[in-house]
Amino acid sequence: MDYQQILNTIASELHSKSYTGKVASYIPELEKIDPKKFGMHLYCINSGHYSFGNNEERFSIQSISKVFALTRAMALLGDDLFIRVDVEPSGDPFNSLVQLEYEQGIPRNPFINAGALVISDILISQLDHPKKDFLDFIHKITGNDSININTEVYISEKKHSYRNAALLNLMKSFANIENDIETVLDFYVYQCAIEMSCKELCTAFMMYANGGKRISDDYQILSPEKVKRINAIMQTCGFYDEAGEFSFRVGLPGKSGVGGGIAAVHPGQYAVTVWSPPLNPKGNSELGMYALEQLTTLTGLSIF
Ligand code: GLU
């Protein structure tokens, strides 16, 4: 498969493609990003790296960090985790409070904000230094110690966390949050503020394509059984209330973030990442989704 030629075709199509999406503005610092940025990176297990555009420029990974947080929590707690958070698609926006009220404070899945906040709470209870552990984990899976948070994004989101604070308060009223609201919110916003490039994110996601093994040395980071579950949750819940549409158009497990990034995997084949800041009305990168749809169309391969 000539992946570079396929990526070149996608790059030239994107050149002339118009979009109607808007860069996320509810975190003021994110709104400053140039909407024209576009990067794509594909890391194939057998044949290495392919890319174009701004694939080495770091951006705010935001909700893509929820996959790493779930990975850490599953390594620590195993299936006990799923007593406190379910694994069903929500069909609601990522920050919705509605379902939580009538489902007694148990979030639908670990990738909506409520679920990710429960995962943050679990990591805080389990770890002595959750922030350091989280960054160390990302350094370990990428082999790159320079990855860090963007402090401006972290501060900016902390000042505008009313909804996430509301979710935490509601869940605490149902006794599904152990630590204090401020501590959980702080850790959650910290993990969302991590910056990575498409290339770095692709390297990190290789473990989900590669049966839980780090690609550089085959070191087993997570068991294949747990990777299977994480990929299943990405497939069914990774795209806010548009997971069905993403499955329909692209056909790969993945996770998006409001920074405009999407990371996806074809298990046994490759990891792929895109970054384009303008978001469609459901909060997913508009051109990023298009590029991934073209990838699985032009290669003729998806998980389906
Ligand atoms: N930090 C963001 C929030 O909680 C993450 C949103 C996202 O990327 O989905 O609002």
Side-chain angles (χ1 to χ4, degrees), residues 21-33 58-70 85 89-97 99-100 107-121 123 131 134 138 149-171 177 181-196 198 201 204-205 233-234 236-243 245-246 254-264 273-286 288-289:
K22 300 263 176 303
V23 176
S25 58
Y26 78 104
I27 301 173
E29 197 62 28
L30 291 183
E31 206 181 1
K32 297 180 182 168
I33 304 296
R58 287 183 177 161
F59 61 93
S60 194
I61 69 168
Q62 291 295 320
S63 274
I64 301 172
S65 66
K66 292 170 181 169
V67 183
F68 304 135
L70 175 64
V85 54
S90 73
D92 270 334
F94 69 105
N95 55 6
S96 172
L97 284 134
Q99 242 164 9
L100 259 190
R108 272 287 170 115
N109 66 67
F111 292 157
I112 50 171
N113 282 17
L117 289 162
V118 168
I119 301 291
S120 294
D121 185 53
L123 293 179
K131 287 182 179 172
F134 199 77
I138 289 181
I149 67 155
N150 178 316
T151 315
E152 283 81 36
V153 171
Y154 166 69
I155 292 169
S156 181
E157 181 167 3
K158 277 200 86 172
K159 283 192 195 142
H160 296 85
S161 288
Y162 310 115
R163 251 180 189 275
N164 287 326
L167 288 167
L168 278 167
N169 276 289
L170 190 53
M171 290 191 289
I177 293 293
I181 306 290
E182 209 30 63
T183 309
V184 183
L185 200 53
D186 180 64
F187 175 61
Y188 169 77
V189 172
Y190 181 90
Q191 71 163 60
C192 288
I194 287 171
E195 281 193 319
M196 292 168 82
C198 286
L201 206 47
F205 263 68
I233 302 173
M234 283 202 266
T236 51
C237 312
F239 294 87
Y240 312 118
D241 43 344
E242 205 173 30
E245 179 81 11
F246 190 83
K255 182 74 197 87
S256 64
V258 294
I262 301 177
T273 47
V274 286
W275 172 47
S276 168
L279 307 178
N280 70 17
K282 297 280 173 98
N284 294 305
S285 171
E286 181 180 332
M289 259 176 95

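All ligand and atom numbering here is 1-based and tracks the order in the structure. All values derive from a computational prediction rather than experimental measurement.
Atoms of ligand 1 lying under 4.0 Å from at least one heavy atom of Ser63, given by number and element, are 5 (C), 6 (C), 7 (C), 8 (O), 9 (O). Listed by number with element, the atoms of ligand 1 under 4.0 Å from a non-hydrogen atom of Asn164 are 3 (C), 4 (O), 10 (O). Listed by number with element, the atoms of ligand 1 under 4.0 Å from a non-hydrogen atom of Asn113 are 3 (C), 4 (O), 10 (O). The distance from ligand 1 to the heavy atoms of Tyr240 drops below 4.0 Å at these ligand atoms: 7 (C), 8 (O), 9 (O). Residue contact check: Gly257 has heavy atoms under 4.0 Å from atoms 8 (O) of ligand 1. Using a 4.0 Å cut-off to heavy atoms of Cys192, the atoms of ligand 1 that qualify are 1 (N).
If you look at Glu157 next to ligand 1, the close heavy atoms, those under 4.0 Å, all belong to the side chain. Here Val258 has heavy atoms under 4.0 Å from ligand 1 in both its backbone and its side chain. Of all the heavy atoms of Ile64, none lies under 4.0 Å from any atom of ligand 1, so neither backbone nor side chain is involved.
The closest protein non-hydrogen atom to atom 5 (C) of ligand 1 is Gln62 OE1, 3.3 Å. In terms of protein heavy-atom proximity, atom 4 (O) of ligand 1 is closest to Tyr188 OH, 2.5 Å. The nearest protein atom to atom 10 (O) of ligand 1, hydrogens excluded, is given as Tyr26 OH, 2.6 Å; this is a heavy-atom distance.
A cation-pi arrangement is absent between Lys159 and Tyr154, since the terminal nitrogen or guanidinium carbon is not both under 6.0 Å from the aromatic centre and inside a 45° cone about the axis.
No side-chain donor-acceptor contact under 3.5 Å links Trp275 to the backbone of Arg58. A donor-acceptor pair is defined here as one N or O able to donate and one able to accept, closer than 3.5 Å; no such pair exists between the side chain of Asp186 and the backbone of Glu182.
Using a 4.5 Å cut-off on side-chain heavy atoms (C-beta onward), Phe59 and Leu201 make contact. Counting heavy atoms from C-beta outward, Leu30 and Gln62 have side chains that approach closer than 4.5 Å.
Counting only N and O atoms by type, the side chains of Lys158 and Tyr188 include no donor and acceptor under 3.5 Å apart. Looking only at atom types and distance, the side chain of Asn150 has no donor-acceptor partner in the side chain of Glu29 under 3.5 Å away.
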Before giving the answer on side chain to side chain contact (heavy atoms under 4.5 Å, CB included), spell out for Met234 and Phe205 the whole-Å C-alpha distance, their side-chain angles and the decisive distance to 0.1 Å. CA-CA 12 Å; Met234 283 202 266; Phe205 263 68; 3.7 Å; yes
